[in-house]
There are 2 protein chains.
Amino acid sequence: MAHNQSSPEAGVGPDRKAALNNTLRHRILTMQIAPGSVLDEVALSEEFGLSRPPVREAMRQLAGEGFIELEANRPARVTSMSYQSLRDFFLIAPMIYVAATRLAAEHASKADIAGLREIQDSFRDAVHSNDVDGRVFYNDKFHLRVGEIANNAYVLPSLRRLLIDHARIGKIFYRPSNARMLEELHEASRQHDEIIDAIANHDADRAEALIRAHLDLSRKNMAMYAAPEGMAISLGV
Amino acid sequence: MAHNQSSPEAGVGPDRKAALNNTLRHRILTMQIAPGSVLDEVALSEEFGLSRPPVREAMRQLAGEGFIELEANRPARVTSMSYQSLRDFFLIAPMIYVAATRLAAEHASKADIAGLREIQDSFRDAVHSNDVDGRVFYNDKFHLRVGEIANNAYVLPSLRRLLIDHARIGKIFYRPSNARMLEELHEASRQHDEIIDAIANHDADRAEALIRAHLDLSRKNMAMYAAPEGMAISLGV
DNA sequence: TGCGCGCAGAATGTCTACAAAATGTAGACT
DNA sequence: AGTCTACATTTTGTAGACATTCTGCGCGCA
């Protein structure tokens with residue numbers, strides 16, 4: 001349990017605004033707040049010990065990052081998901097993930113690799129200790145960090161948007177009772193390690209192959225859940 | 001002059017907040033506000049007849065879209081550009097533009113095509129009447145609309161970010177005295193028409209080829225401007 | 001009984017005023 | 001003369017109160 005993003009008493013501390021942002025992100029990623037839910041401004045301002053203006057600013061920011069959707073004179077809602085979202089996700093994700101990973105392999109410094117390994121250590125721990133939220137959280141952090149290492153302002157926006165739904169898809173289709181799924185989580189963790197190695201070696205081609213396999217694993221998992229009997233399901237591509 | 005986005009007296013009207021957003025976007029796209037410039041909250045609130053809180057909300061929103069950059073306790077600054085930006089842009093732009101255009105070709109309805117043609121009419125007018133800002137504005141609108149028709153929430157964020165710098169690059173390297181450049185603007189306009197036709201015919205392959213040629217034209221223009229004397233370009237901070 | 005109108009409650013949007021942080025400047029000390 | 005420090009100014013951040021808009025319920029009417 002390395003992270004405590006969702007502390008119950010968040011109304012204290014030096015930087016309550018950052019706490020609000022991080023906590024909301026975490027709750028949305030882990031689906032503690034379900035897609036489509038409404039966010040009440042006063043409730044949040046009371047929870048985090050802020051007045052409404054800074055809360056509203058945070059909302060605008062989160063909306064820009066794709067976590068929530070705003071409409072005039074209407075409450076903020078967590079970005080919704082649909083069957084269409086799944087299709088769109090697996091259609092675009094390979095392109096963006098590959099671009100980010102290849103660029104990361106080209107640009108990564110020693111410090112970047114060290115940072116990546118640190119995140120991956122936390123991710124591995126979460127997988128081994130069956131900490132579902134921690135796994136979702138550090139998986140997000142891992143891929144986001146790869147995107148930051150890529151150091152290209154034009155890939156990051158879509159990558160950020162994809163990662164939100166990547167996390168939520170991972171949570172939706174996660175079934176703890178399934179032994180095969182557990183094995184595949186460990187497989188995903190191993191893939192992370194290999195991706196780091198490929199990036200460290202500046203081997204963009206290998207990094208690309210690995211990230212593609214990584215996404216295919218997610219997609220297969222999801223398809224397996226949605227269509228256990230081997231039904232044809234068109235997942236784009 | 002079909003658009004009046006930058007009306008001098010913006011402090012009136014029913015929706016001053018939308019006016020603030022649109023005007024700022026327009027000014028940044030056309031570089032009426034240079035990259036790296038600071039935006040003063042009180043000045044904007046006075047200009048648009050608003051108080052600071054809604055202005056600050058708009059700032060957060062624009063920051064999320066990539067127009068400006070925010071730092072704690074520091075004034076908002078228009079997103080800066082550098083030589084690195086140019087490289088990054090032409091590295092990623094083809095990928096995103098192609099994805100958006102192909103998806104648009106697959107999804108476009110009759111109404112979508114009509115909307116595109118309408119925008120393109122305004123763009124063509126701007127090109128023929130040498131309305132530089134109008135050209136930049138409607139070019140942005142055109143490609144943004146294509147992205148909206150693509151109807152994929154994961155391509156749009158990066159496309160939006162790219163379009164900001166696409167507009168600004170177009171302005172930076174625009175030289176009205178150059179006859180060859182004028183001809184290439186008309187060529188770009190013709191390409192728009194062809195892209196619409198390809199999308200209308202659901203011909204994704206042709207749409208892809210056209211959008212690639214469209215970007216190559218921009219890139220060639222820029223290289224032509226940058227390379228002749230072999231001088232390094234200073235892009236204002 | 002079903003539909004539409006209108007009012008009451010609640011939530012969002014905005015404003016003014018105050019607090020805190022950062023910057024620029026002037027003065028004093030080394 | 002240079003630099004550090006303390007203060008004053010400016011600007012950003014926040015709070016609480018007010019205005020406006022939406023929602024839901026109940027009443028009245030066909």
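Lettering follows sequence order; numbering is per chain, from 1. In this text, all values refer to a predicted model and were calculated from it rather than measured experimentally.
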Indicate whether the side chain of B:Thr30 and that of B:Gln32 have a donor and an acceptor atom separated by less than 3.5 Å.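 The answer is yes; a qualifying pair exists.
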
For [X] and [N], give me the distance from atom [atom1] to atom [atom2], rounded to whole Å.
X	N	atom1	atom2	value
B:Leu20	C:dG13	CG	P	15 Å
B:Glu46	C:dC15	CD	P	13 Å
B:Glu41	D:dT10	CD	P	16 Å
A:Gln61	D:dG13	CD	P	11 Å
A:Ile68	C:dT12	CD1	P	11 Å

Can you figure out which of C:dT14, D:dT12, D:dT14 approaches the side chain of B:Arg16 most closely?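 Out of C:dT14, D:dT12, D:dT14, the nucleotide with an atom closest to B:Arg16's side chain is C:dT14.
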
Nearest to the B:Pro54 side chain among D:dA15, C:dA11, C:dT14, which nucleotide is it?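 Per side-chain heavy atoms of B:Pro54, the pick is C:dT14.
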
Determine whether any donor atom in the side chain of A:Arg52 lies under 3.5 Å from an acceptor atom in the base of D:dG16, or the reverse, and answer yes or no.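 No, the side chain and the base share no sub-3.5 Å donor-acceptor pair.
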
At 4.0 Å (heavy atoms only), tell me whether B:Leu70 reaches a base, stays on the sugar-phosphate, or touches nothing.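 No contact.
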
Touch class at under 4.0 angstrom, heavy-atom based, for A:Pro53 against every strand present: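 Answer is base: heavy atoms of A:Pro53 come under 4.0 Å of a base.
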
Any side-chain N or O of B:Lys17 less than 4.0 Å from the OP1 or OP2 oxygen of C:dT14?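 Yes, such a contact exists.
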
What N/O pairs connect the protein and nucleotides 22-25 of chain C at under 3.5 Å? Give each pair on its own line.
none

